[in-house]
Amino acid sequence: MPPLSLLLLALASVPSSQGVAPTPVPPPGVHAVPSPEAALLTANGNLATPPVPMEEGEETEEVESESAELEELRALEGATLDPEAKPNAEMMQSLRRLGLTNPLRLRMLDALEEPTFREDDTAPPLARITDLASFDISQVKDRYDIPVDMQPRVAEYIQFFQGPGRKWFRKWMARSTRYLPVMQPILEAKGLPRDTVYLAMIESGFSANAYSWAHAAGPWQFISSTGKQYGLKQDFWVDERRDPIKATQAAASYLKDLYGELGHWYLAWAGYNTGSYRVRKMVERYGTNDFWVLAEERGLAKETKHYVPKLIAAALVAKNPTAFGFSEEEFQYESTLEYDEVKLTDATDLDVVARAAGVSVLDVQELNPELRRWCTPPATAAKPYVLKLPRGTTTLFAENLQKLSPAERLTFRVHTVKRGDTLSQIAEKYGTAPEAILQMNRLKSARTLKVRAELVIPVPANGRGGSGDAGGAIATKVAQARRSGVVATRPEDEVPAGTPRGPVAAGPVKTEKVDGKTRVTYGVQEGDSLWLIANRFQVSVDDLKKWNNLPRRNRTLSLGTLLAVWPPDSKGAAPAKVEERGGTIVVATAVAGQAPVGPKGKVHTLAEGETLWSVSQRYNVSVEDIMKWNHIKDHRTVPTGKLLSLSAP
């Protein structure tokens, strides 16, 4: 090793680097770059404020170049003074930032004479593999820090990615360049192999928005309970399973625990898919920790047996796409995930955030997929919410946010939907607009609201600026909602919350006594189902099938079919003539020989929770007629207790 003074002199003669590192080269030459968090931290660990660009672009490049060079020299100095020390992650990161062809980097490598520092050099490309059966996996094993074996199922998945799954694999590869550079350093810092990242590829295709039938979410597909166990917050405002940074940290911890418990990466991956308990019991039952042996035995689900070979196949193809028949032109690679962070001390509308930062709302949402609403969560100075913004926009954001007047800001309330609520009623209660509520809750429409559902209600910060204030923040929000395709349902078409989705069975009924028991003959009408009919007569679906010799798997009924029903005598042969739920009439059923039931004089007193729509449905009249007969101009202002005339004067 040359003396430090000579080394510094040699390095000083090398031309400085030209600014920041280039965009990551797509596979097979994908190289790790420093995580956004590392790039934004100052020496004391605090978030760095992005530098204000100088007027002269060349001066900025020079400053950045010299700063990078000093960083490399400091790292090299530490290694030179302690020859026994092994390369640390900080120094490896610094070397990678210089790029493969940078003369300063090459001189540093030669001076150090440390071959392990060349781990990010691109390996020679593999020749095209045309026969998987004869492919020697030992050719590429040293290119991976995870175990890779060529098994029949691995070959099957490679062929699947080449054929039927090719379209999807292209998308996975395109996203890989966005997430590999930020996920792999996190895995490495947690002590995991960097190539474990391909587990996220087969779980979600590196999609932050992926959601499975098992209710698993995010790039690492955490189910709710496991996500909470590893610190991923899931509440009304956020779902951190979708945050690629936090989810990767949680996945690394989970996989590390699985490896510690099961002792082999193949078993750890299988445990990630099916749970460690089942894998551990399989190991104990068959007395082996060889995954390939266990995969041939009974006890593991088919999905789990295929999970490990699928991951190996994905890693093999992803790092050697041309060798496995893919061309570079097939992939439209995404840029690396880069961002700055700002701390917010109050719930803030994403539209306001985007305008202040000078970017689109889509840019903000893509960087913060954990947000479940169109605003950030409530926060305080003691517990701020950390929001990601596109790199280099934090200074502009801070300046513009301070300039916003209260009239341009929104505050938020949370409303729990009660039985009988409609969107227009909720909007009127809070002095806002239905479109604004839909926008804030990422809903396209809300003809029917779910009871006990929670809604974010945007409210003007200055207490004014409701839907009728053309210059207010609410009006701006309504305009934005309409531009994005959000349309509020007409109030007269809204269905109050709690209204059953299906009709109550109301077909023709014949009642008679047979051997002292009541038998009802029911004619099936359009829209009927066994469940609706059973619910009407308060009997079970199984009894209906038994009485009428219907097959157990019968799911549909033919119009006009006559069904025999034997309702309990204590409950009567037929339901009440009118069924009311939450003040809203659902169906008025007519029994043969009886006149429809209605208040004398066709006058109805509007009950709490009722709307003109629900009254119109009860009495089979139109909303327009009710408004005309009662001289009502605005259906939203009809007070509870008002007497409504239900016939023409």
Side-chain angles (χ1 to χ4, degrees), residues 33-52 178-179 181-183 185-187 189-190 208-209 217-220 222 227-228 230-253 335-402 404 409-412 414 440 442 456:
V33 299
S35 66
E37 297 96 321
L40 289 174
L41 293 179
T42 61
N44 60 6
N46 294 324
L47 192 65
T49 303
V52 179
R178 179 172 177 81
Y179 293 110
V182 294
M183 288 180 171
I186 295 173
L187 297 172
K190 291 275 190 178
N209 298 311
W220 294 89
F222 273 100
K228 290 177 181 177
Y230 284 89
L232 297 177
K233 189 175 182 181
Q234 302 155 59
D235 60 18
F236 178 74
W237 301 96
V238 299
D239 185 346
E240 290 182 345
R241 294 177 298 170
R242 300 186 185 278
D243 184 315
I245 305 303
K246 294 176 181 176
T248 302
Q249 293 168 340
S253 297
S335 58
T336 302
L337 178 64
E338 295 182 325
Y339 56 86
D340 293 337
E341 294 180 336
V342 294
K343 295 181 178 179
L344 301 178
T345 58
D346 198 3
T348 308
D349 182 1
L350 295 189
D351 286 312
V352 171
V353 170
R355 292 204 311 273
V359 298
S360 70
V361 175
L362 183 60
D363 290 334
V364 178
Q365 290 175 326
E366 285 183 346
L367 286 175
N368 300 274
E370 75 278 9
L371 292 176
R372 301 182 64 186
R373 311 291 159 180
W374 201 274
C375 59
T376 62
T380 63
K383 292 185 177 180
Y385 178 75
V386 179
L387 183 75
K388 300 180 183 71
L389 289 177
R391 179 68 59 84
T393 62
T394 53
T395 300
L396 178 65
F397 169 78
E399 293 174 352
N400 288 338
L401 194 64
Q402 291 182 343
L404 289 178
R409 301 287 297 274
L410 293 171
T411 57
F412 305 94
V414 176
M440 295 304 298
R442 296 191 175 186
V456 178

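Here the structure is a predicted model, which is why all the values come from computation and not from measurement.
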Problem set entry | Donor-acceptor contact below 3.5 Å, side chain Thr345 vs main chain Lys343 | no
Exercise. From Arg355 CZ over to Leu350 CG, what is the distance, rounded to the nearest 0.5 angstrom?
Worked result: 11.5 Å
Problem set entry | Nearest non-hydrogen partners of Pro369 and Pro244, listed with the distance | CG-CD, 4.0 Å
Exercise. Does a side-chain heavy-atom distance below 4.5 Å link Val342 with Val386?
Worked result: no
Seminar exercise, completed: Distance col, row Glu399:CD vs Leu401:CG, nearest 0.5 angstrom, shows 11.0 Å
Exercise. Hey, is the main chain of Thr348 close enough, under 3.5 Å, to the side chain of Thr376 for a donor-acceptor pair?
Worked result: yes
Seminar exercise, completed: Here the pair of heavy atoms bringing Met440 nearest to Val456 is CB-O, 4.1 Å
Seminar exercise, completed: Sorted by chain and residue number, the side chain to side chain donor-acceptor pair (under 3.5 Å) partners of Arg373 (sequence neighbours excluded) come out as Asn441
For this session: Just jot down the side chain to side chain donor-acceptor pair (under 3.5 Å) partners of Asp351, sequence neighbours excluded, or say none.
Result: Trp374, Lys477
Exercise. Taking C-beta and beyond as the side chain, do Leu337 and Pro181 meet within less than 4.5 Å on heavy atoms?
Worked result: no
Exercise. Which value, rounded to the nearest 0.5 Å, describes the distance between Gln249 atom CD and Met183 atom CE?
Worked result: 11.0 Å
Problem set entry | Straight-line distance of Leu232 CG to Asp239 CG, nearest 0.5 Å | 8.0 Å
Seminar exercise, completed: salt bridge (charged side-chain N to carboxylate O under 4.0 Å, His left out) pairs touching residues 375-390, sequence neighbours excluded, are Asp243-Lys388
Exercise. What distance separates Asn368 CG from Tyr385 OH, expressed to the nearest 0.5 Å?
Worked result: 5.0 Å
Exercise. Ignoring hydrogens and geometry, is there a side-chain-to-backbone donor-acceptor pair from Arg372 to Arg442 under 3.5 Å?
Worked result: no
Problem set entry | Any donor-acceptor N/O pair, Arg241 side chain to Gly218 backbone, under 3.5 Å | no
Problem set entry | Short side-chain to backbone donor-acceptor contact, Arg242 and Asn209, under 3.5 Å | yes
Exercise. Where do Leu396 and Ala357 come nearest, in terms of heavy atoms and distance?
Worked result: CD2-O, 3.6 Å
Problem set entry | Stepwise side-chain contact (heavy atoms from CB on, under 4.5 Å) test for Val353 and Leu389 | CA-CA 9 Å; Val353 170; Leu389 289 177; 3.7 Å; yes
Exercise. Would you say the side chain of Trp237 lies within less than 4.5 Å of the side chain of Cys375, judging by non-hydrogen atoms?
Worked result: yes
Seminar exercise, completed: Distance col, row Ile186:CD1 vs Thr248:OG1, nearest 0.5 angstrom, shows 5.0 Å
Exercise. Short question: side chain of Glu240, backbone of Lys233 - any donor-acceptor pair under 3.5 Å?
Worked result: yes
Problem set entry | Heavy-atom pair with the smallest gap, counting every atom of Pro390 and Leu367 | N-CD1, 3.3 Å
Exercise. Under 3.5 Å, is there a donor-acceptor pair between the side chain of Asp340 and the main chain of Gly392?
Worked result: yes
